[in-house]
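To keep things clear, I will list the structure first and then write my remarks on it.
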There are 2 protein chains.
Amino acid sequence: MNISDVANSTGLPVKTIRYYEDIGLITPARSANGYRDFSDTDLHKLAFIGRARSLGFGIEACRDLLRLYNDQTRASADVKRLAQSHLSEIDRKITELGEMRDTLSHLIDACAGNDRPDCPILADLAADHGSA
Amino acid sequence: MNISDVANSTGLPVKTIRYYEDIGLITPARSANGYRDFSDTDLHKLAFIGRARSLGFGIEACRDLLRLYNDQTRASADVKRLAQSHLSEIDRKITELGEMRDTLSHLIDACAGNDRPDCPILADLAADHGSA
DNA sequence: GCTTGACCTTCCAGTTACTGGAGGCCTTAT
DNA sequence: ATAAGGCCTCCAGTAACTGGAAGGTCAAGC
């Protein structure tokens, strides 16, 4: 299988697949002409990585997940721990973004949005929010 | 004012302040010895940027906000538009993270988390989610 | 046999917003 | 005189790609 076939099957961009080889996530064979020659296993791994990435796992976490997947002696507790740690990170980000969202939407509501210069958004950014 | 005073006042790291000068957000004066010599205006600008950044505005948006702030003839509509566009982006991210969160927490709930190898999380990542 | 166009290759640079570190002046206090 | 600490610049690295240049390969058509 050539790289564009794999890209079509997995939905991953060609560039990304090459990148995943660069960083050692996959090691496809090479044809005599130098082209990458992907096996079904490579395809499967890439699909796996693609789904893990779509759940927000970082590349190193993907590497760990792949290793666990290939390890028949794994304990599901190890996978769960990894996933929980990632979930906490997601929750942290959601909270952070939610706080931004709340502040920002209040400011937006307070702004007339007309052709006058006075603007509560700018006023808030310029205001002293210091603790002292 | 030396850079560490500004860092203390604004809460921004020294490195970040130098970086903001590099990219032209601020242009502090220099003392005879080559040290940056920050004015109150510089301080104010940096605090402004710090607050905009804490609301998640990107650097270029900060530049725009600063420009609008300094433009007495601005229309609040322009500020509002910028903020709304940023809010949409935040909402998009929250939605994306929320979807990840939901999927991931279902999988985590389904995983026994013991020392057995069978794991619904890995099974899901390995499963064919293809459209065909 | 040759050209054309679609693929494939590698390598380099750029993205975001910093952060860390090396190597080296400047200042202040002892 | 020296030691500590603050300041300087420049270089490299981070995460995960993405775009583009320069060039080899392959299949089809004339």
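Naming convention: chains lettered A, B, ... in sequence-line order (proteins, then strands); numbering from 1 in each chain.
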(request) Decide whether B:Asp91 and B:Ser88 meet the rule of one side-chain donor and one side-chain acceptor closer than 3.5 Å. (result)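 The answer is no; no qualifying pair exists.
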(message) Could you tell me if A:Asn2 and A:Ser4 have a donor-acceptor pair between their side chains, going purely by distance under 3.5 Å?
(response)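 There is no such pair (donor and acceptor under 3.5 Å, judged by atom type) between the side chains of A:Ser4 and A:Asn2.
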Under 4.0 Å: is that the gap between some side-chain N or O of [X] and OP1 or OP2 of [N]?
X: B:Asn33; N: D:dC7; value: no
X: A:Arg36; N: C:dT9; value: yes
X: A:Arg30; N: C:dT10; value: yes

Measure [atom1]/[X] against [atom2]/[N] and give the value in whole Å, please.
X: A:Phe38; N: C:dC7; atom1: CZ; atom2: C1'; result: 13 Å
X: A:Asn8; N: C:dC7; atom1: CG; atom2: C1'; result: 13 Å
X: A:Asp22; N: C:dC11; atom1: CG; atom2: P; result: 9 Å
X: A:Leu12; N: D:dA16; atom1: CG; atom2: C1'; result: 12 Å
X: A:Ile49; N: D:dA15; atom1: CD1; atom2: P; result: 17 Å
X: B:Glu21; N: C:dA17; atom1: CD; atom2: P; result: 19 Å
X: A:Asp5; N: C:dC7; atom1: CG; atom2: C1'; result: 10 Å
X: A:Asn2; N: C:dA6; atom1: CG; atom2: C1'; result: 12 Å

(message) For nucleotides 18-23 of chain C, give me one character per nucleotide, 5' to 3': B if any protein heavy atom sits under 4.0 Å from the base, S if the only such contacts are to the sugar-phosphate, - if neither.
(response) BSBB--
(request) Under 4.0 Å between any heavy atoms, over every strand shown, what does B:Arg18 touch: base, sugar-phosphate, or nothing? Just pick one. (result)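 If one applies the 4.0 Å heavy-atom cut-off, B:Arg18 turns out to touch a base.
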(message) Between B:Tyr20 and B:Tyr35, is there shared hydrophobic-cluster membership here, with clusters defined by ILVMFWY side-chain heavy atoms closer than 4.5 Å?
(response)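 Each belongs to a different hydrophobic cluster.
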(message) Take a 6.0 Å sphere around CZ of A:Arg116 and say whether it holds more than 12 heavy atoms from other residues, nucleotides or ligands.
(response)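 No - once you tally the heavy atoms of other residues, nucleotides and ligands closer than 6.0 Å, there are 12 at most.
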(message) Is it the case that the side chain of B:Arg36 and the backbone of B:Ile3 share a donor-acceptor pair, with hydrogens and angles ignored and the cut-off at 3.5 Å?
(response)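 Checking the backbone N and O of B:Ile3 against the side chain of B:Arg36, no donor-acceptor pair under 3.5 Å is found.
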(message) Between A:Glu21 and A:Lys45 (salt bridge meaning N to carboxylate O under 4.0 Å), is one present in this structure?
(response)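 A salt bridge is absent here (no side-chain N lies under 4.0 Å from a carboxylate O).
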(message) With a 4.0 Å cut-off on N to O distance, would you call A:Lys93 and A:Glu96 a salt bridge?
(response)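 Salt bridge flag = no for A:Glu96 with A:Lys93.
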(message) Let's see if you can work this out: which of D:dT9, D:dC7, C:dT9 has an atom nearest to the side-chain heavy atoms of A:Tyr35?
(response)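 Nearest listed nucleotide: C:dT9.
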(message) Among D:dC8, C:dT9, C:dT27, which nucleotide has an atom closest to any side-chain atom of B:Ile3?
(response)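 Minimum distance to the B:Ile3 side chain belongs to D:dC8.
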